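These figures come from a predicted structure and were not determined experimentally. In what follows, every chain begins at residue 1, and chains take the letters A, B, ... in the order their sequences are listed.
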Amino acid sequence: MKQYLLSLFTDIQDKFEYLDVNEVSFDIPKIETHGDYSTNIAMLIGRKTKKNPRETAQEIIYALRYDPTIISKIEVAGPGFINFFFSTDYVCKSISKILDGGTSFGRSDVNKGKRANVEFVSANPTGPLTVGHGRNAVSGDTMANLLEATGYEVDREYYFNNAGRQMRVLGNSVRLRYLELLGETTEFPEDHYQGEYIADIAKSLFEKHGNALVNEDPEGLFKAEAEMVIFNDISNTLGKIGIKHKVFFNENSLYDDGKISGLLDEFKNRGLSYEKDGAVWLKLSELGNEKDKVIVKNTGEPTYRLPDIAYHATKFDRGYDFIVDLFGSDHTATYPDVMAALDELGYDTTKMKVMIHQFVTIIKDGKAVKMSTRKANYITLDELIDWVGADVVRYFFNMRAISTHLNFDLNLAVKHSDENPVFYLQYAHARICSILRVTDQEGLKSDATKLTLLITDEEQKLIKKLLRFPDVVESAATVLDAVILCAYLEELAGTFHRFYTVCRIIGSEKELAEGRIALIHAVKLVISNGLGILGVTSPQKM
RNA sequence: GGGCCCGUAGCUCAAUCGGAUAGAGCAUCAGCCUUCUAAGCUGAGGGUUAGUGGUUCGAGUCCACUCGGGCUCACCA
């Protein structure tokens, strides 16, 4: 529909000095009487020509040569809007486009042939995934789905570090719990990992090796076992909500293949780094950032910054057209350093988009649950999934804009009731499936040639809503946020439920019934395509 | 103190590039099942969009300041 309107304006572009097709946009008015689509172009032109926008709008309408079987009315309204009304016949017939599109309706190929990399989760293997990681995991996977829906070939990537201080502490935490099992009294430092999972790992080591590990290095088997168990746990949890990364990128590999030392040399040769107090500093203040930062500590160990830069350089070197990083707001301060360095190294950072999601607050019994990874008083993502189910987890994390704080109300999520929006959508789908089972028994078929009979208000609204789906997917993919899609699907479900209460299928005249069956097939398709992008299932029955 | 994010109905949140009368859900109240799934539908009440000023044909949206909340400012990641 939008494309058709745009083509009309392209045809008349030459007739108006200030008319630029690139400036013409079409909105869907909030109020029905303002038409199916509306444009403010006459007001934009009016600003330049100082002419009354309403007059300009009228001149444009006279010039437009449109097919009256498609558009039933064009009018000037308000301060100079041009409103377009599509004919009911055209709206009805558009349903076949949806049915023909099938599972690919809503998808586009605007980015066909391009490759994208989405990095998300990227938690180091020091403990189970928390609810906060859950938001990252779900948002990242959904972003990847959205990009795929616009034609990208997407690699989902997980970056991790199994070296460094945190992992040493992890190994030692396991070692101390192990020694406790042997009856030794040990001091368990407060900065060590307090979680029960540490004791579990120690216990399994004790069962396998008895007391043979008394003198084992904390960085030896203790660390290795912990890493393996925890990683296994992480990927199991991700698997439960349908997430599978294609690439697990280990920070260590950057050392092994010389990327780190090469980068260090390059910084030095280009005069971008210097030594001070036994450490190596990067001249970020000269690259437009606030202050210089250490890239190699006086212990000789790099800070996270150096491998981070090297890592992102590999993403560019691997030839991606679009690179997405997703992390929580606690990392806000870190990425400008990486970006500045990459810029200086000559990488085109406009190809890269850093997405930051705000924190998740778990609300239980009306109160916020305080969480700390080290102290282990947190709710794990795994527990959450077991508790409320994968669909609810995925939907709850998708239904809020990632830039806003998310309150995850456990008491609400756990309710399998009408307070829970995900069921509202799934119910619409299940309801359609149920109708189709019954109509099938009655021998009624879907008949797209009867679509022009769908002229009631409820039917027309429903069809127009369905036709918006590709635009919604495209917008959601552009901003990399599924919240638009969730809002759309909830509207669509509502529009369907209203149709359902007013427009009966069984009991209607056969031709009308068969046209309506074609319509609900289209609704079913759009709901399940939409839920599919969100990673939520579309149940046949509820 | 500096940077980033946020503040919209009692609660949780929408609002397309700055568009026309700020919308949903929940909660509250009043209705609707002998008929395709009532996990549904209809109706009612509920707002100085935190505040003040500015930009313009038009501001929840952009700018400045103020207030309130979160995150962050490491030789941790």
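- In the set B/A39, B/C75, B/G19, B/C75 carries the atom at the smallest distance from any side-chain atom of A/W281.
- Looking at A/E514 and A/K510, a side-chain N of the basic residue comes within less than 4.0 Å of a carboxylate O on the acidic one, giving a salt bridge.
- Place A/R468 and A/R437 on RNA chain B by their nearest nucleotides, and A/R468 ends up nearer the 5' end.
- Comparing B/G25 with B/G46, their C1' atoms sit 14 Å apart, to the nearest whole Å.
- At the phosphate of B/C76, OP1 or OP2 sits under 4.0 Å from a side-chain N or O atom of A/K297.
- Contact between the side-chain N/O atoms of A/S329 and the OP1/OP2 oxygens of B/G70 is not found at any separation under 4.0 Å.
- The partner of B/A27 cannot be assigned: no Watson-Crick or G-U wobble pair with both contacts below 3.5 Å exists in any strand.
- The distance from atom CZ of A/F327 to atom P of B/C4 is 16 Å, rounded to the nearest whole Å.
- Distance from the side chain of A/A487 is smallest for B/A14 among the nucleotides B/A14, B/C41, B/C76.
- Considering only side-chain N and O atoms, A/K30 lies nowhere under 4.0 angstrom from the phosphate OP1 or OP2 of B/A15.
- Ring-base stacking between A/Y427 and B/G40 is not satisfied when judged by a centre separation under 5.5 Å and a plane angle under 30°.
- Residues A/Y311 and A/F249 bring their aromatic ring centres within 6.0 Å.
- Using a 4.0 Å heavy-atom criterion, one finds that A/H405 contacts the bases of the nucleic acid, with or without backbone contacts as well.
- Residues A/S25 and A/S434 both approach RNA chain B. Their nearest nucleotides, taken by heavy-atom distance, put A/S25 toward the 5′ side.
- Checking B/C36, B/C57, B/C6 against the side-chain heavy atoms of A/R47 singles out B/C57 as nearest.
- Out of B/A14, B/G70, B/A20, the shortest distance to the side chain of A/T404 is found at B/A14.
- Between A/K353 and A/D325 there is no salt bridge, since none of the side-chain N atoms of the basic residue sits less than 4.0 Å from a carboxylate O of the acidic one.
- Across all strands shown, B/G7 forms a Watson-Crick or G-U wobble pair, both distances under 3.5 Å, with B/C67.
- Nucleotide B/C41 holds its P atom 14 Å from the CD atom of A/E491, rounded to whole Å.
- Between the side chain of A/T334 and the base of B/A77 there is no donor-acceptor pair of N/O atoms closer than 3.5 Å.
- Using a 4.5 Å heavy-atom cutoff, the side chains of A/L410 and A/L384 are in contact.
- Across all strands shown, B/U61 forms no Watson-Crick or G-U wobble pair with both key distances under 3.5 Å.
- At a threshold of 4.0 angstrom between heavy atoms, the contacts of A/N298 include nucleobase atoms, whether or not backbone atoms are also involved.
- Within the nucleic acid shown, A/I28 comes within 4.0 Å of at least one base atom, counting heavy atoms only.
- Look at A/H34 and the base of B/A20; the rings stack, centres closer than 5.5 Å and planes less than 30° apart.
- Checked by atom type and distance alone, the side chain of A/D292 pairs as donor or acceptor with a backbone atom of A/S285 at under 3.5 Å.
- Judged by distance alone with a 3.5 Å cut-off, a donor-acceptor contact links the side chain of A/N83 to the base of B/A20.
- Of the P atoms belonging to B/A30 and B/G19, the separation is 40 Å, rounded to the nearest Å.
- Residue A/K541 contributes atom NZ, which lies 16 Å from atom P of B/A39 at whole-angstrom precision.
- For A/D27 and B/G19, a side-chain-to-base donor-acceptor distance below 3.5 Å is absent, hydrogens and geometry of angles not being considered.
- Using the Watson-Crick or G-U wobble rule with both distances under 3.5 Å, B/U55 pairs with nothing in any strand shown.
- Using a 4.5 Å heavy-atom cutoff, the side chains of A/H405 and A/R400 are not in contact.
- Note on A/R431: a side-chain N or O is less than 4.0 Å away from OP1 or OP2 of B/A38.
- Of the P atoms belonging to B/U28 and B/C11, the separation is 15 Å, rounded to the nearest Å.
- Of the candidate nucleotides B/U12, B/A14, B/C57, B/A14 has the atom lying nearest to any side-chain atom of A/A401.
- Spacing between B/A44 and B/U55 at atom C1', rounded to whole Å, works out to 40 Å.
- At the heavy-atom level, A/A279 lies under 4.0 Å from base atoms of the strands shown.
- Looking at heavy-atom distances under 4.0 Å, A/N161 makes contact with sugar-phosphate atoms alone, never a base.
- Here A/Q540 lies in heavy-atom contact (under 4.0 Å) with a base.
- Spacing between B/C17 and B/G53 at atom P, rounded to whole Å, works out to 29 Å.
- Judged by distance alone, the side chain of A/R305 and the main-chain N or O of A/V294 form a donor-acceptor pair under 3.5 Å.
- For the C1' atom pair drawn from B/G23 and B/C63, the interatomic distance equals 27 Å after rounding to whole Å.
- On the C1' atoms, B/U16 is 14 Å away from B/A22, given to the nearest whole Å.
- A/T332 comes within 4.0 angstrom of the backbone, heavy atoms only, and of no base.
- For B/U72, neither phosphate oxygen OP1 nor OP2 lies less than 4.0 angstrom from any side-chain nitrogen or oxygen of A/Y335.
- Taking side-chain N and O atoms only, A/N40 has no distance below 4.0 Å to OP1 or OP2 of B/G18.
- With a 6.0 Å cutoff to the six-membered ring centre and a 45° limit on the axis angle, A/K73 counts as a cation-pi contact of A/F85.
- Nucleotide B/U34 holds its P atom 17 Å from the CD1 atom of A/I506, rounded to whole Å.
- Distance NE2 (A/H357) to P (B/C4): 20 Å, rounded to an integer number of Å.
- Taking atom CG of residue A/D292 and atom C1' of nucleotide B/C75, one finds them 14 Å apart after rounding to whole Å.
- For the OP1/OP2 pair of B/C13 and a distance below 4.0 Å, the side-chain nitrogens and oxygens of A/Y395 include no atom meeting the criterion.
- Between the CG atom of A/L406 and the P atom of B/G7 there is a distance of 14 Å, rounded to whole Å.
- Spacing between B/G60 and B/A27 at atom C1', rounded to whole Å, works out to 24 Å.
- Nearest to the side-chain atoms of A/M542 among the listed nucleotides B/G40, B/U12, B/A39 stands B/A39.
- Between the P atom of B/A77 and the CD atom of A/E301 lies a distance of 7 Å, rounded to the nearest Å.
- When distances are taken from the side chain of A/R504 to each of B/A14, B/C41, B/C36, the shortest belongs to B/C36.
- In this structure, B/C41 is classed as anti because its glycosidic torsion departs from zero by more than 90°.
- Here A/K293 lies out of heavy-atom contact (under 4.0 Å) with every strand.
- A/A77 comes within 4.0 angstrom of a base, heavy atoms only.
- Under the 6.0 Å cut-off for aromatic ring centres, A/F26 and A/F9 qualify, their centroids lying closer than that.
- In terms of heavy atoms, A/H312 sits closest to A/E119 at NE2-OE1, 3.8 Å.
- For A/F84 and A/Y37, the ring centers sit 6.0 Å or farther from each other.
- Taking a pair to require two hydrogen-bonding distances under 3.5 Å in either a Watson-Crick or a G-U wobble arrangement, B/G1 pairs with B/C73.
- With B/C75, B/A20, B/C76 as the choices, the nucleotide that has an atom nearest any side-chain atom of A/D277 turns out to be B/C75.
- If you check B/U49 for Watson-Crick or wobble pairing at under 3.5 angstrom, you find it has no partner at all.
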